[in-house]
**Q** 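Okay, handing you the structure first.
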Amino acid sequence: MPNPRVGCVIVKDGVVVGEGAHLKAGEPHAEVLALHMAGEKAKGADVYVTLEPCSHHGRTPPCVEALVKAGVKRVVAAMQDPNPKVAGSGLAQLKTQGVEVHSGLMEIQARELNPGFISRMTSNRPFVRSKIAASLDGRTALANGTSKWITGEAARRDSQHWRARSCAIMTGIDTVLADDPQMNVRDLDTDRQPLRVIADSRLSISPQAKILQQGNTLVVYATDSDDKAAILQKVGAELLMMPNADGRVCLGSLMTELAKREINEVLVEAGQGLNGALLGQNLIDEFLFYYAPVLMGSEARGMFAMPALTEMSQRIALEVIDIRQIGVDIRLRAKVAYGDL
């Protein structure tokens with residue numbers, strides 16, 4: 001973050017002579033790294049890149065200039081850059097300089113690399129993925145709130161990778177009060193911890209909560225009747241007051257704020273309250289369900305706190321995009337298809 005994930009491969013006479021990936025903002029882009037590896041072999045070569053080469057000066061010089069200078073023959077970009085600063089100008093400049101250009105090859109796969117960047121550039125909000133661990137009968141906690149652990153160790157380990165790829169991890173105050181989680185990336189080699197975001201309408205969080213102890217935490221609230229804001233700021237929390245008309249956190253405005261902070265992907269790890277509120281406002285793009293081979297019964301808590309549906313047409317459609325077994329559990333990914341039923 002905040003840049004997109006980009007990979008580049010350079011081919012000369014059917015042989016890969018250079019490859020690179022953009023790994024960190026401020027460091028060389030994929031094309032530059034691939035050109036450096038290829039050296040003189042880049043002249044007259046074909047360049048395959050997952051995203052249109054940039055044409056503007058940012059933290060680094062334009063990749064278009066580097067490609068032209070290297071004398072490449074052809075550039076095949078999987079998709080056009082959704083960033084308005086580029087948006088086709090990179091390919092246009094290459095073409096003007098005599099480079100053969102193509103785009104659209106494997107665009108669907110390329111878009112899957114950067115759902116958050118695309119969403120932020122086109123919709124002014126991050127891509128929101130909700131992770132839910134549940135029993136086979138769709139229960140996420142016992143009636144008393146106990147939820148550790150529904151799924152097995154392999155599923156919990158798998159979820160750490162989804163935390164690591166996210167720019168922010170979001171939860172609600174009910175989860176913080178019930179579980180006192182840290183919400184950080186563990187057991188993986190990473191030099192970046194996501195921003196932790198807590199929706200806490202009435203500032204009920206304790207200053208001793210584990211999620212506040214490592215900094216990099218944003219507490220979003222609506223009211224502060226107990227004057228806790230100053231106390232929470234002293235322990236390192238960042239506070240943001242963002243109420244809606246009902247005296248709760250305005251989730252839509254929060255997503256706009258996260259986009260302003262250049263947050264691409266948000267991973268929600270919350271209970272039925274926040275998940276229901278987000279879903280009800282069309283703010284969840286994808287679900288990551290981990291189903292454990294257990295049953296917890298009708299008295300246990302469900303996935304979403306939502307108004308009762310009265311018509312089958314009110315159902316929310318999901319498009320299942322991946323199913324696989326993780327240890328003893330089943331992981332199911334599904335996109336939300338609002339209004340498709």
Side-chain angles (χ1 to χ4, degrees), residues 1-83 85-121 127 158 160-162 164-167 188-192 264-265 321-322 324 333:
M1 64 171 288
N3 293 346
R5 304 177 180 104
V6 183
C8 177
V9 173
I10 300 176
V11 178
K12 182 73 171 289
D13 298 326
V15 177
V16 173
V17 296
E19 56 186 18
H22 181 49
L23 301 179
K24 189 175 182 180
E27 294 184 358
H29 288 187
E31 299 94 320
V32 173
L33 291 171
L35 288 170
H36 180 74
M37 180 178 174
E40 291 297 323
K41 294 179 181 178
K43 189 172 183 179
D46 295 330
V47 177
Y48 299 89
V49 62
T50 58
L51 187 69
E52 174 186 8
C54 64
S55 56
H56 67 288
H57 283 270
R59 292 184 177 94
T60 59
C63 291
V64 166
E65 293 182 1
L67 291 166
V68 171
K69 185 178 180 180
V72 303
K73 176 185 177 183
R74 182 173 67 147
V75 172
V76 180
M79 62 173 288
Q80 182 175 298
D81 194 335
N83 187 343
K85 295 180 180 178
V86 184
S89 65
L91 294 174
Q93 289 184 29
L94 287 169
K95 191 173 183 179
T96 299
Q97 296 296 321
V99 179
E100 181 183 344
V101 298
H102 301 274
S103 66
L105 177 65
M106 299 182 73
E107 181 172 350
I108 293 175
Q109 293 89 333
R111 294 181 71 88
E112 286 294 319
L113 291 174
N114 292 297
F117 182 77
I118 295 170
S119 178
R120 185 164 64 83
M121 290 294 115
F127 183 90
D158 182 75
Q160 292 295 321
H161 293 275
W162 295 93
R165 70 169 282 164
S166 303
C167 307
L188 289 178
D189 184 16
T190 179
D191 60 356
R192 177 186 67 85
N264 289 333
E265 294 184 26
I321 56 177
D322 183 73
R324 65 186 66 192
R333 288 178 59 204

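The model shown is predicted, which means the values in this text are computed figures rather than measured ones.
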**Q** Is a side-chain donor or acceptor of Asn114 paired with a backbone partner of Arg5 at a separation under 3.5 angstrom?
**A** yes

**Q** Please check this pair: side chain of Glu100 against backbone of Arg74, looking for a donor-acceptor N/O pair closer than 3.5 Å.
**A**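 Not at all, since once roles are kept as given, no pair shorter than 3.5 Å links the two residues.
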
**Q** For Ala77, does its backbone N or O pair with a side-chain atom of His102 as donor and acceptor, under 3.5 Å?
**A** no

**Q** Calculate, to the nearest 0.5 Å, the distance between atoms CG and OG1 belonging to Leu105 and Thr50 respectively.
**A** 11.5 Å

**Q** What pair of heavy atoms forms the shortest contact from Val32 to Ala66, and how long is it?
**A** CG2-CB, 4.4 Å

**Q** Looking at CG of Asp191 and NZ of Lys24, how far apart are the two atoms once the value is rounded to the nearest 0.5 Å?
**A** 5.0 Å

**Q** Only one of Leu91, Val72, Val64 passes side-chain contact (heavy atoms from CB on, under 4.5 Å) with Val99; say which it is.
**A** Val72

**Q** List the atom of Lys85, the atom of Ser55, and the distance in Å for their closest heavy-atom pair.
**A**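 Heavy atoms of Lys85 and Ser55 come nearest at O-OG, 4.1 Å.
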
**Q** Restricting to non-hydrogen atoms, name the atom on Leu94 and the atom on Pro53 that form the minimum distance, rounded to 0.1 Å.
**A**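 Heavy atoms only, the tightest pair is CD1-CG, 4.1 Å.
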
**Q** Might you point out which heavy atoms bring Gly20 and Ala34 nearest each other, and give the distance in Å?
**A**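 Closest pair (atom of Gly20, atom of Ala34, distance): N-CB, 3.8 Å.
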
**Q** Give me the one residue out of Pro4, Pro82, Pro2, Cys167 that meets side-chain contact (heavy atoms from CB on, under 4.5 Å) with Arg120.
**A**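 Result: among Pro4, Pro82, Pro2, Cys167, Pro2 is the only option passing the side-chain contact (heavy atoms from CB on, under 4.5 Å) with Arg120.
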
**Q** For the NE2 atom on His36, are there more than 12 heavy atoms of other groups (residues, nucleotides or ligands in this structure) within a distance under 6.0 Å?
**A** no

**Q** If I compare all heavy atoms of Asn3 with all of His29, which pair ends up nearest, and what's the gap?
**A**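 In this case the closest contact between Asn3 and His29 is ND2-NE2, 4.3 Å.
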
**Q** Please say whether more than 12 non-hydrogen atoms of neighbouring residues, nucleotides or ligands are located less than 6.0 Å from CD1 in Ile108.
**A** no

**Q** Run the side-chain contact (heavy atoms from CB on, under 4.5 Å) test against Asp322 and tell me which residues pass, sequence neighbours left out.
**A**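 In terms of side-chain contact (heavy atoms from CB on, under 4.5 Å), with neighbours along the sequence ignored, Asp322 is linked to Arg324, Arg331, Arg333.
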
**Q** Distance from Gln97 atom CD to Leu67 atom CG, nearest 0.5 Å?
**A**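 CG of Leu67 is found 11.5 Å from CD of Gln97.
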
**Q** Counting only N and O atoms by type, is there a donor-acceptor contact under 3.5 Å from the side chain of Glu107 to the main-chain atoms of Met79?
**A** no

**Q** Under 3.5 Å, sequence neighbours excluded: what are the donor-acceptor pairs made by side chains of residues 37-44?
**A**
none

**Q** Check the pair Met1, Arg192 against side-chain contact (heavy atoms from CB on, under 4.5 Å), reporting the backbone distance first and the verdict last.
**A** CA-CA 10 Å; Met1 64 171 288; Arg192 177 186 67 85; 4.0 Å; yes

**Q** Under the side-chain contact (heavy atoms from CB on, under 4.5 Å) rule, what do Glu19 and Val16 come out as? Steps first, then yes or no, please.
**A** CA-CA 8 Å; Glu19 56 186 18; Val16 173; 4.3 Å; yes

